[in-house]
Every structure is written in structure tokens, then in C-alpha cells.
J.: 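Quick one: structure below, then a few questions.
Fair warning: this is a prediction, and the values are worked out from it, not measured in the lab. So you know, we letter chains A, B, ... as the sequences are listed, proteins then strands, and number each from 1.
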Amino acid sequence: MTPEIIKQPCLVLVGPTAIGKTDLSLILARRYDCEIVSVDSMQVYRHMDIGTAKASVDERSEIPHHLIDIVDPDENYDAAQFALDGLQAIRDIHSRGKIPLLTGGTGLYLRALFEGIFPGVPVDEKTRQILKDRLLAEGPSKLHEELSLCDSVSAKRIHTNDSQRLLRALEIFYVSGIPWSEHLAHHKEVTEGVQFTNALQIGLTMDRQKLYQRINTRCDQMVECGLEDEVRKLLAMGYDRQLKSFGSIGYRHILNYIDGYWTKEEALRLLARDTRRYAKRQYTWFSRLTDLQWFDVAEKQKILQTVEDWFAKLNLS
RNA sequence: GCCGGGAUAGCUCAGUCGGUAGAGCAACGGACUGAAAAUCCGUGUGUCCCUGGUUCGAUUCCUGGUCCCGGCA
């Protein structure tokens with residue numbers, strides 16, 4: 001397989017949570033006739049609006065948004081599915097003669113779209129459950145030893161306590177009979193993924209302390225805007241507390257409060273703290289994107305000028 | 001004004017019978033290929049209030065300051 005080459009223009013806007021991606025994406029979309037493709041692992045879920053800080057319904061009716069509200073909270077969605085859906089959305093937008101504006105903060109999803117994801121071993125729930133039970137019964141060291149026997153390369157890379165990767169590595173081996181490390185090595189040789197030859201990638205940043213202030217404020221606002229009601233509504237709809245989607249920031253905090261494990265103050269404090277830590281992890285992802293041009297979010301004119309220049313250059317060629 | 005107590009990491013504090021220091025929280029850095037807002041790994045970031053003295057050596061003991069907190073006036 002060869003990487004798909006997309007020559008049509010494409011804008012990418014990334015940045016940590018709460019930095020103001022939505023505002024800027026709307027400005028850019030209006031000015032350059034874009035449709036927005038959300039690169040966000042949580043905004044894909046319906047009924048989870050406040051905690052995922054989706055663009056408002058009005059904003060979404062003004063500018064088309066893709067990959068928001070596409071699955072129910074109890075459906076499985078993952079990076080591989082995103083890579084397919086994202087590419088499809090981009091194609092559709094191009095076919096309408098418009099420009100896709102990828103906006104979001106989920107590093108893995110962006111990577112899955114750009115570099116592809118090795119095919120052939122989708123999640124196998126049955127195997128995964130068996131391994132989960134074994135992890136509980138036998139402990140991580142035992143399973144990690146087992147991994148070193150069937151895939152020593154991955155075992156070296158994966159820490160014993162990293163339960164998710166440990167289980168995934170074993171799952172891949174037991175389902176396919178081929179070590180994860182071999183799948184990956186092979187995939188590197190035959191990269192599919194998508195190569196954008198005309199993409200402008202913009203990274204948004206701001207002073208860390210100011211960002212944290214914004215995060216704290218936004219967490220307060222989420223609670224004021226009825227995050228608790230949103231969670232209670234989801235429970236009333238019959239969604240189980242164990243769902244993946246409930247494990248995300250905000251939802252799990254409110255759930256812990258509702259179930260009486262934390263006081264409201266505790267829940268709010270930890271919600272803000274975990275959001276701050278999340279923003280830090282997002283920066284780690286973005287720092288690896290070599291084609292990214294960084295701007296302070298306050299430098300709006302500079303950003304607009306950069307986009308303007310980029311378009312001018314495109315029209316010449 | 002007097003009597004006590006205190007001053008050590010961003011915060012709350014512990015500690016050093018004299019050999020330049022630590023816990024919780026917070027913070028910081030990193031990893032990441034089908035859960036990723038997940039999961040994990042790593043890191044003390046410090047004029048130990050100032051001053052002088054004793055000492056080979058003072059954050060620790062002593063002198064004198066400064067500030068804070070109680071209590072009594």
C-alpha cells in the first residue's frame with residue numbers, strides 16, 4: 001500500500017484544551033469557506049455536550065462540523081475508525097470545493113489519520129476480557145513475563161504497570177499470532193496513511209499560567225452550565241457508569257460526586273487538576289509534530305496573515 | 001508594651017543531638033499505533049528570614065534585628 005496523496009489544501013489547527021481553538025476555527029472557517037473536522041475523541045459522542053465543550057448548535061449550523069455526535073455513549077469508537085472517518089470527511093469536503101479545517105486536540109487520532117494505523121488486528125472484545133480477568137487474577141508481572149516470551153521487543157518498550165498497552169500487546173499476539181512489534185515494523189515499510197502535500201498546520205499556545213486560569217474558569221463554568229444534570233440525564237437514559245465514555249475527564253469526576261465518593265468541592269478541584277494535566281500531555285503530543293507552526297493564541301493578526309499568505313501561494317501554483 | 005510560639009519547596013508542614021534538607025498536595029518533563037479526555041514512566045524545583053558570634057564546618061547552637069501568630073495588657 002502506498003500513502004494516499006492529497007494535493008488539495010487542508011488546514012490543521014491544534015492546541016491544548018481550553019486555549020480557544022473553537023473561536024479561531026470559526027473565524028477561519030467563515031473567512032476561507034472551510035468545513036470543520038473535529039479531531040476529538042470525546043466530541044464524537046452524542047449527549048455529551050457540556051463536558052466535551054462542543055461548539056454550540058448555532059455555531060454548528062452556521063459552519064458544517066464533522067465527526068461530532070456520530071456515536072452513542074455506549075458505542076465503541078477508536079483511532080482506527082477515526083482515521084477512516086476523518087479521511088472520508090476530508091474527501092467529501094474537497095468534493096464540495098471547500099477546504100477542510102481539522103481542529104482538535106487528540107494526538108493519537110491525528111497521528112492515526114496522518115500515518116495510518118497498522119491493519120488486521122481490530123479490538124477483540126472476547127480476548128480482551130479474558131486478558132483483563134487474568135490481569136486481575138495473576139497480576140501485571142506475570143503477564144509482562146508472558147509478553148517477553150512472545151514479543152520481547154514490545155515487552156521492553158511497555159512498562160509492567162502500563163496495563164492498557166500490556167493487554168493490547170498480548171491481545172494482538174493471541175489474535176494474529178504475530179507480535180505487535182512485527183506488525184509495527186511491517187507497517188512502517190508499507191505506510192498507508194495520508195500525505196497532505198498542501199497542508200498548513202497551526203499550533204496554538206499561550207502562557208502556561210494563563211492557560212491554567214482559563215481551564216479553572218472553564219471547569220467552573222461547565223458545572224454552572226449543568227454538567228451534573230447532563231451526567232444524570234445520561235444515567236437516566238440507561239447508560240452504564242462503566243462505559244469508556246464515562247471514564248473521561250469531567251464525566252468521571254461528576255460520577256464520583258454523584259456516587260458519594262467525593263464532595264462537590266473535591267470533584268471540582270480534581271476536575272480542574274486533571275484537565276490541567278491533560279493539557280500538559282497534549283503539549284507533549286504536539287511537540288512531535290514537525291510541520292507545526294506555533295503561535296500565541298493572542299497573535300490573531302499574525303495567524304490570519306500566515307493563512308492569507310499560504311492561500312496566496314496556493315493560488316499561484 | 002510584656003510573655004510565649006513561629007519563620008525551611010509554589011502551599012501546609014516535618015527534620016537535621018552541627019556535616020547545605022524531606023513528606024503530602026501542587027508543579028514540571030517524557031512515552032504513546034484499534035480505550036487516548038485513556039494508560040503509564042520519570043523529576044525536588046530551596047539564599048532553610050537577615051545579621052554577627054562560636055566552630056574545620058551553622059539551616060541547626062548563641063547574640064542582635066525584622067516580620068507573622070496567639071495570650072496578657
Side-chain angles (χ1 to χ4, degrees), chain A residues 16-18 38-45 48 50-54 71 73-85 104-125 127-129 131-132 135 140 144 154 156-169 171-172 175-176 179-188 190-193 208-209 211-212 215-216 218-219 222 227 242-255 266 269-289:
Chain A
T17 185
S38 159
V39 185
D40 189 299
S41 63
M42 283 299 142
Q43 293 190 0
V44 297
Y45 293 112
M48 301 180 112
I50 297 171
T52 64
K54 286 174 191 164
V71 291
D74 58 351
E75 287 181 77
N76 282 329
Y77 195 81
D78 58 44
Q81 190 59 48
F82 176 82
L84 293 174
D85 294 344
T106 303
L108 177 67
Y109 281 17
L110 208 58
R111 185 175 174 189
L113 177 65
F114 286 166
E115 296 175 22
I117 211 159
F118 81 88
V121 191
V123 178
D124 184 301
E125 289 297 346
T127 308
R128 188 168 282 195
Q129 191 55 51
L131 287 166
K132 257 188 206 168
L135 178 68
H144 193 263
S154 295
K156 254 187 183 165
R157 181 174 72 87
I158 297 167
H159 194 276
T160 310
N161 295 336
D162 191 350
S163 54
Q164 281 190 10
R165 281 183 192 84
L166 179 58
L167 293 181
R168 174 66 180 152
E171 173 189 319
I172 287 170
V175 168
S176 69
W180 191 6
S181 50
E182 275 185 39
H183 283 290
L184 289 177
H186 182 63
H187 181 242
K188 271 188 185 152
V190 294
T191 309
E192 354 112 55
R208 190 66 72 90
Q209 287 314 307
L211 178 65
Y212 284 2
I215 287 174
N216 296 344
R218 189 159 87 166
C219 288
M222 279 181 179
L227 183 58
Q242 305 296 327
L243 288 171
K244 264 176 16 182
S245 49
F246 268 142
S248 64
I249 293 173
Y251 295 93
R252 69 163 189 267
H253 297 87
I254 296 298
L255 228 37
E266 250 178 320
R269 184 178 69 84
L270 294 170
L271 164 62
R273 182 198 66 182
D274 291 340
T275 307
R276 276 176 265 147
R277 290 180 174 174
Y278 170 52
K280 199 151 60 65
R281 269 177 282 137
Q282 287 180 298
Y283 272 122
T284 306
W285 268 106
F286 304 147
S287 68
R288 296 203 336 191
L289 298 174

J.: Given B/rA36, B/rC40, B/rG34, which nucleotide is nearest the side-chain atoms of A/His159?
T.: B/rC40
J.: Ignoring backbone atoms, establish whether A/Asn161 has a side-chain N or O less than 4.0 Å from OP1 or OP2 of B/rC41.
T.: yes
J.: Taking side chain as C-beta onward, heavy atoms only, is A/Tyr251 less than 4.5 Å from A/Thr52?
T.: yes
J.: For B/rG53 versus B/rC72, give the span between their C1' atoms, rounded off to a whole number of Å.
T.: 34 Å
J.: Relative to the 5' end of RNA chain B, which residue comes earlier, A/Ser287 or A/Thr106, by the nucleotide with the nearest heavy atom?
T.: A/Ser287
J.: Regarding A/Gly104, tell me which of base, sugar-phosphate or nothing describes its non-hydrogen contacts under 4.0 Å with the strands shown.
T.: nothing
J.: Locate the shortest heavy-atom distance separating A/Ala279 from A/Leu211; write the atom from each residue and the value.
T.: CB-CD2, 4.2 Å
J.: Rounding to an integer number of Å, can you tell me how far A/Ile117 CD1 sits from B/rA36 C1'?
T.: 10 Å
J.: Closest approach of A/Lys54 and A/Gln43, non-hydrogen atoms and distance?
T.: CE-O, 3.4 Å
J.: Does A/Ile249 or A/Gln209 map to a spot on RNA chain B nearer the 5' end, using the closest nucleotide for each?
T.: A/Gln209
J.: Looking at A/Tyr77 and A/Tyr109, what are the two nearest heavy atoms and their distance?
T.: CD2-OH, 3.8 Å
J.: A/Ser154 and A/Trp180: which non-hydrogen atoms are nearest, and at how many Å?
T.: OG-CB, 3.7 Å
J.: Between A/Asp162 (CG) and B/rU39 (C1'), how many Å, whole number?
T.: 5 Å
J.: For side-chain contact (heavy atoms from CB on, under 4.5 Å), just list the numbers for A/Arg276 and A/Asn216, CA-CA rounded to whole Å, side-chain angles, deciding distance to a tenth of an Å, and then say yes or no.
T.: CA-CA 8 Å; A/Arg276 276 176 265 147; A/Asn216 296 344; 3.3 Å; yes
J.: Whole-Å distance between B/rU39 C1' and A/Arg128 CZ?
T.: 12 Å
J.: When the distance from CZ of A/Phe82 to P of B/rA37 is rounded to whole Å, what number comes out?
T.: 11 Å
J.: Check the distance between B/rA35's P and A/Ile172's CD1 and give it to me in whole angstrom.
T.: 9 Å
J.: May I have the distance from A/Ile215 (atom CD1) to B/rA27 (atom C1'), rounded to whole angstrom?
T.: 13 Å
J.: Expressed in whole Å, how much space separates the P atoms belonging to B/rA73 and B/rG18?
T.: 39 Å
J.: Any side-chain N or O of A/Arg208 under 4.0 Å from OP1/OP2 of B/rG29?
T.: yes
J.: When all nucleic acid strands are considered with a 4.0 Å heavy-atom cut-off, which category describes A/Tyr77: base, sugar-phosphate, or nothing?
T.: sugar-phosphate
J.: Where does RNA chain B pair, written as one dot-bracket string 5' to 3', with Watson-Crick or G-U pairs under 3.5 Å, ( ) inside the strand, [ ] for crossing pairs and | for another strand?
T.: (((((((..((((.....[..)))).(((((.......))))).....((.((..]....)).))))))))).
J.: Write down the distance separating the P atoms in B/rA27 and B/rC62, rounded off to the nearest Å.
T.: 39 Å
J.: According to a strict under-4.0 Å criterion, is A/Arg276 in side-chain N/O contact with OP1 or OP2 of B/rA27?
T.: yes
J.: Contact class for A/Trp285 vs. all strands (heavy atom < 4.0 Å): base, sugar-phosphate, or nothing?
T.: base
J.: Any side-chain to backbone donor/acceptor pair from A/His144 onto A/Ile158? Under 3.5 Å, distance only.
T.: yes
J.: Counting any heavy atom closer than 4.0 Å, what does A/Asp40 reach on the DNA or RNA strands: base, sugar-phosphate only, or nothing?
T.: base
J.: Base, sugar-phosphate, or nothing: which does A/Arg252 touch, judged by heavy atoms less than 4.0 Å apart?
T.: sugar-phosphate
J.: Kindly give the heavy-atom pair with the smallest separation between A/Glu171 and A/Arg128, and that separation in Å.
T.: OE1-NE, 2.7 Å
J.: As a test of reading the structure: which of B/rC32, B/rU39, B/rA36 is closest to the side chain of A/Arg288, going by heavy atoms?
T.: B/rC32
J.: Closest approach to the side chain of A/Arg273, judged atom by atom: which nucleotide of B/rG34, B/rC25, B/rA38 is it?
T.: B/rC25
J.: Give a yes/no on whether any side-chain N or O of A/Arg157 is located under 4.0 angstrom from OP1 or OP2 of B/rA31.
T.: no
J.: Can you tell me which nucleotide in B/rA35, B/rA36, B/rC32 comes closest to the side chain of A/Arg111?
T.: B/rC32
J.: Respond yes when some side-chain nitrogen or oxygen of A/Arg281 is under 4.0 Å from OP1 or OP2 of B/rA38, and no when none is.
T.: yes
J.: Does A/Tyr212 place a side-chain N or O at less than 4.0 Å from the phosphate oxygens OP1/OP2 of B/rC28?
T.: yes
J.: Test of understanding: with side chain to side chain contact (heavy atoms under 4.5 Å, CB included), list the residues that count as partners of A/His183, not counting sequence neighbours.
T.: A/Phe118, A/Val121, A/Ile172, A/Ser176, A/Ile178
J.: What is the distance, rounded to the nearest whole Å, between atom CG of A/Asn216 and atom C1' of B/rA26?
T.: 12 Å
J.: I'd like the P distance from B/rA35 over to B/rG30, given in whole Å.
T.: 25 Å
J.: May I ask you to check whether A/Arg218 and A/Thr17 show a side-chain donor-acceptor distance below 3.5 Å?
T.: yes
J.: Please tell me which of the listed nucleotides, B/rA37, B/rU33, B/rA26, lies nearest to the side chain of A/Arg269?
T.: B/rA26
J.: Which part of the nucleic acid, if any, lies within contact of A/Tyr109, taking any heavy atom under 4.0 Å across all strands shown: a base, the sugar-phosphate backbone alone, or nothing?
T.: sugar-phosphate
J.: Mind checking the C1' distance from B/rC17 to B/rU59? Whole angstroms is fine.
T.: 15 Å
J.: From the set B/rC41, B/rU33, B/rA37, return the single nucleotide nearest to any side-chain atom of A/Thr52.
T.: B/rA37
J.: Between B/rU8 and B/rA38, how many Å separate the two C1' atoms, rounded to a whole number?
T.: 39 Å
J.: What nucleic acid atoms does A/Ser163 come within less than 4.0 Å of, heavy atoms only: base, sugar-phosphate, or nothing?
T.: sugar-phosphate
J.: By the 4.0 Å heavy-atom rule, please label A/Gly51 as base, sugar-phosphate, or nothing.
T.: base
J.: Within the 4.5 Å heavy-atom criterion, are A/Trp285 and A/Thr106 side-chain neighbours or not?
T.: no
J.: Using the C1' atom as the reference point in each nucleotide, state the distance between B/rG24 and B/rA36 in Å, no decimals.
T.: 29 Å
J.: Please state how far atom CD in A/Gln81 lies from atom P in B/rA36, giving the value in whole angstrom units.
T.: 12 Å
J.: For nucleotides B/rC11 and B/rC48, find the distance between their P atoms and express it as a whole number of Å.
T.: 15 Å
J.: Contact class for A/Arg168 (heavy atom, under 4.0 Å): base, sugar-phosphate, or nothing?
T.: base
J.: Under 4.0 Å between a side-chain N/O of A/Arg277 and OP1 or OP2 of B/rA27, yes or no?
T.: yes
J.: Looking for any heavy atom pair under 4.0 Å, which part of the strands does A/Thr17 touch: base, sugar-phosphate only, or nothing?
T.: nothing
